[in-house]
Amino acid sequence: MSRRELFTLILKGLLAWLVLSGLVWYFGEWLAKGLFPLIKAVIMAMTSAISPSLKLIQSTQALPDDTIELSAWVLHPLYINASVGIPPGIELKASAHLLHALVPLVIEGSILLVWPVQRWTQRFWLLAFGLLTAVLVIMATLPAQLLGTLEISFQEVALSGNHPRPVPWFVEWMVFCEMGGRWLLAIAAAGWCIQLQRGLLRV
C-alpha cells in the first residue's frame, strides 16, 4: 500500500467515524431502548439477587450526555462482610453514559465501512455481520458496566470489615472493559466479521 493509499484510507476512516458518531448521537436513544430487553435479560442471567429495570435519562445542563439508569430491587439478602449486608426490598441504582456504551458500534462500523472490498455484496455482508456482532459486544460490556458500577462501591465496604465477600467476576470484567477492553472487543469483532465474510463468499 502506497503512502497516498494509506492517507486516503485514514481519511475515509475518520469520515466514517464522524458519520457513525453523528448517527449514534442522533439515533442512540432509539437504539438503546430497543436493546433494553436484551440488556435486562443479560443482567438477570448474571445475577439472580436483584430485579432490574432500565430507563433512559435525557441530557440536562448537569448531565450533558444521555444516561442509561439501572434500578435494581434486591430480592435476596446480599452478603457484604461479617457485619454488613443488604436486606431484600432495597432499591439500588447505577448508571452509564449512553454514548460511551455505544462506542463499540462506532469503532467496528468505522473499520467495516472502509475495509477494501470488490463487490457491494461483500460490503453488505460485512455490515450485516458487523451490526450483529456490535450488539453482542454491547451485551458483553454494558450489563457488566452497570452491575460492576453497582457492586464496586459495595466491595469497598466489604474490604473494610472481617470476612469480606469475594469480588464478583463481573467487577473485574468491567475494569478490563473500562481499561480499553471495550475497544479491543470491537476491533476483534470487526476482524471476525471480515474473516466470516471471506469464508462465506470465498474471497
Side-chain angles (χ1 to χ4, degrees), residues 20-21 24-25 28-57 59 63 65-81 84-86 88 90-111 129-159 164-193:
L20 288 175
S21 296
V24 165
W25 179 81
E29 177 182 349
W30 170 82
L31 178 60
K33 289 181 177 179
L35 293 176
F36 275 1
L38 280 175
I39 298 170
K40 182 178 177 180
V42 173
I43 291 175
M44 294 175 68
M46 293 170 67
T47 176
S48 61
I50 62 171
S51 176
S53 65
L54 297 164
K55 67 178 180 180
L56 193 68
I57 299 177
S59 61
L63 296 171
D65 186 12
D66 289 352
T67 303
I68 300 172
E69 183 179 85
L70 167 67
S71 296
W73 287 93
V74 178
L75 300 177
H76 310 293
L78 296 179
Y79 177 84
I80 304 299
N81 59 34
V84 179
I86 300 177
I90 299 296
E91 184 183 17
L92 307 173
K93 291 182 181 292
S95 62
H97 292 293
L98 174 61
L99 296 182
H100 182 64
L102 297 180
V103 161
L105 178 62
V106 176
I107 294 174
E108 187 176 348
S110 299
I111 295 172
F129 292 144
L131 181 60
L132 175 61
T133 54
V135 170
L136 293 178
V137 171
I138 292 172
M139 291 303 103
T141 56
L142 180 54
Q145 180 183 356
L146 290 168
L147 277 180
T149 302
L150 196 67
E151 294 279 353
I152 201 166
S153 59
F154 300 153
Q155 198 60 32
E156 295 175 357
V157 175
L159 295 175
R165 66 173 186 170
V167 180
W169 65 269
F170 47 79
V171 172
E172 297 179 346
W173 178 249
M174 179 203 72
V175 173
F176 165 77
C177 292
E178 292 300 297
M179 294 294 290
R182 190 190 309 266
W183 292 55
L184 292 176
L185 289 173
I187 294 171
W192 184 80
C193 290

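Taking each heavy atom of Leu98 and Gly28 in turn, the nearest pair found is CD2-C, 3.7 Å. In terms of heavy atoms, His76 sits closest to Ser48 at CD2-O, 3.4 Å. Shown here for Val157 and Asn81, the closest heavy-atom pair between the two residues is O-ND2, 3.2 Å.
Interatomic distance, CG of Leu70 versus CD1 of Ile50, reported as 5.5 Å (0.5 Å rounding). Atom OG of Ser53 is separated from atom NZ of Lys93 by 7.0 Å, given to the nearest 0.5 angstrom. With values rounded to the nearest 0.5 angstrom, Leu31 atom CG is found 10.0 Å from Phe36 atom CZ. Atom CG of Leu35 is separated from atom CH2 of Trp30 by 8.5 Å, given to the nearest 0.5 angstrom. Note that CD1 of Ile111 and CD1 of Ile107 are 7.5 Å apart. Values are rounded to the nearest 0.5 Å. To the nearest 0.5 angstrom, Ile90 atom CD1 is 10.0 Å from Leu78 atom CG.
Judged as a side chain to side chain contact (heavy atoms under 4.5 Å, CB included), and not counting sequence neighbours, the contacts of Ile152 are Val171, Met174. Not counting sequence neighbours, the partners of Thr133 by the side chain to side chain donor-acceptor pair (under 3.5 Å) test are Glu108.
Contact annotation: the side chain of Leu20 never approaches that of Leu105 to less than 4.5 Å [non-hydrogen atoms, C-beta and beyond]. For the pair Ile68/Leu56, a side-chain contact is recorded, criterion being any heavy-atom separation below 4.5 Å from C-beta on. Here the side chains of Leu147 and Ile43 are in contact, with some heavy-atom distance below 4.5 Å. The closest side-chain heavy-atom distance from Pro77 to Pro88 is below 4.5 Å.
Sorted by first and then second residue, the side-chain hydrogen bond (donor to acceptor under 3.5 Å, both in side chains) pairs involving residues 31-40 (not counting sequence neighbours) are Glu29-Lys33. Sorted by first and then second residue, the salt bridge (charged side-chain N to carboxylate O under 4.0 Å, His left out) pairs involving residues 45-55 (not counting sequence neighbours) are Lys55-Glu69. Applying the salt bridge (charged side-chain N to carboxylate O under 4.0 Å, His left out) test to every pair with at least one member in residues 164-173, sequence neighbours left out, gives these pairs: Glu151-Arg165.
Taking the six-membered ring wherever Trp is involved, the centroid distance between the rings of Trp173 and Phe176 falls below 6.0 Å.
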Under 3.5 Å, which donor-acceptor pairs do the side chains of residues 135-145 form with other protein atoms, sequence neighbours left out?
| from | atom 1 | to | atom 2 | distance (Å) |
| --- | --- | --- | --- | --- |
| Thr141 | OG1 | Val137 | O | 2.9 |
| Thr141 | OG1 | Ile138 | O | 3.3 |
| Gln145 | OE1 | Arg182 | NH2 | 3.0 |

